[in-house]
Amino acid sequence: MYHVQSECYMLYVACFVSNMWESLKFILPRAVKDAGINERVTAVRVLDTATQALVARWGEDKAARVKFLSFNTGTLKVETESPAAKQMLYQEKIDFINTLNNKLGERAVMALDIRSRGF
């Protein structure tokens, strides 16, 4: 009997935690927006996701030549010291933006501002 009660209690706790997690998934985005940090959270997500997406696309060695500087109002600023990397980014611009937005789960990035480092 004790064993059955213990299992029921564990099931109850699991359901409670599951319901609490579901509630947090709905509450957290609204709380972030209400706190006024939604843009900063989105910017951090975009920068991290862009780095991961470029490494997956080009590999670590080539992606290391590109630095994602900032994200503001739909524009992702990119800096590179390599003319070849700059050219590749220009050629893959639309596909990279689509891949990035797909990974983010929203249409956040509208444009890439690609700059050469040192000029």
Side-chain angles (χ1 to χ4, degrees):
M1 187 69 156
Y2 176 74
H3 184 66
V4 171
Q5 286 177 336
S6 176
E7 286 180 9
C8 288
Y9 178 73
M10 293 301 285
L11 183 60
Y12 171 76
V13 169
C15 288
F16 177 75
V17 169
S18 175
N19 288 337
M20 187 172 66
W21 177 250
E22 288 297 319
S23 297
L24 280 175
K25 283 190 346 186
F26 293 107
I27 293 170
L28 193 56
R30 186 175 54 197
V32 166
K33 188 175 181 179
D34 291 346
I37 58 172
N38 193 37
E39 291 81 19
R40 286 185 279 170
V41 170
T42 300
V44 170
R45 284 184 56 231
V46 168
L47 293 172
D48 288 344
T49 305
T51 302
Q52 293 169 3
L54 195 63
V55 168
R57 182 180 287 255
W58 289 2
E60 279 191 49
D61 291 341
K62 289 181 184 176
R65 300 176 186 271
V66 176
K67 184 176 181 182
F68 295 98
L69 300 176
S70 65
F71 176 74
N72 192 14
T73 61
T75 302
L76 179 59
K77 284 188 184 174
V78 184
E79 183 180 72
T80 181
E81 62 187 26
S82 166
K86 185 176 181 180
Q87 181 67 27
M88 283 182 70
L89 274 174
Y90 273 119
Q91 290 176 347
E92 298 178 1
K93 187 183 221 179
I94 293 172
D95 187 46
F96 183 70
I97 289 171
N98 289 336
T99 299
L100 189 54
N101 285 333
N102 189 24
K103 288 181 181 284
L104 290 166
E106 62 179 300
R107 192 166 153 81
V109 180
M110 305 296 175
L112 290 179
D113 180 6
I114 305 168
R115 300 172 179 214
S116 295
R117 186 178 313 169
F119 293 105

Smallest heavy-atom separation, Ala111 atom then Ile97 atom, equals CA-CD1, 3.9 Å

Are Leu104 and Asn101 side-chain neighbours, meaning at least one heavy-atom pair lies under 4.5 Å?
yes

Could you tell me if the side chain of Leu47 sits less than 4.5 Å from the side chain of Leu76, heavy atoms only?
yes

Would you say that Trp58 contacts Arg65 through its side chain, given a criterion of any heavy-atom pair below 4.5 Å between the two side chains?
no

Can you give me the closest heavy-atom contact between Ala85 and Thr80, atom names plus distance?
CB-OG1, 3.5 Å

Restricting to side chain to side chain donor-acceptor pair (under 3.5 Å), what partner residues turn up for Asp113, sequence neighbours left out?
Arg115

Qualifying residues under side chain to side chain contact (heavy atoms under 4.5 Å, CB included), relative to Val55, sequence neighbours excluded:
Glu60, Ala63

Membership question, hydrophobic clusters at under 4.5 Å side-chain separation (ILVMFWY): are Tyr90 and Leu69 in the same one?
no

At what distance, to the nearest 0.5 angstrom, does CD of Glu92 lie from CG of Asn98?
12.5 Å

Counting only heavy atoms not in Asp95, do more than 12 sit closer than 6.0 Å to its CG atom?
yes

Distance in Å, Lys77 NZ paired with Asn72 CG, rounded so as to fall on 0.5 Å steps
8.0 Å

Is any side-chain heavy atom of Phe96 closer than 4.5 Å to one of Leu54?
yes

Would you call Glu79 and Lys67 a salt bridge, using N to O less than 4.0 angstrom?
no

Under the salt bridge (charged side-chain N to carboxylate O under 4.0 Å, His left out) definition, can you give me all pairs with a residue in residues 97-110, not counting sequence neighbours?
Arg45-Glu106

With rounding to the nearest 0.5 angstrom, report the CD to CD1 distance, Gln87 to Ile114.
9.5 Å

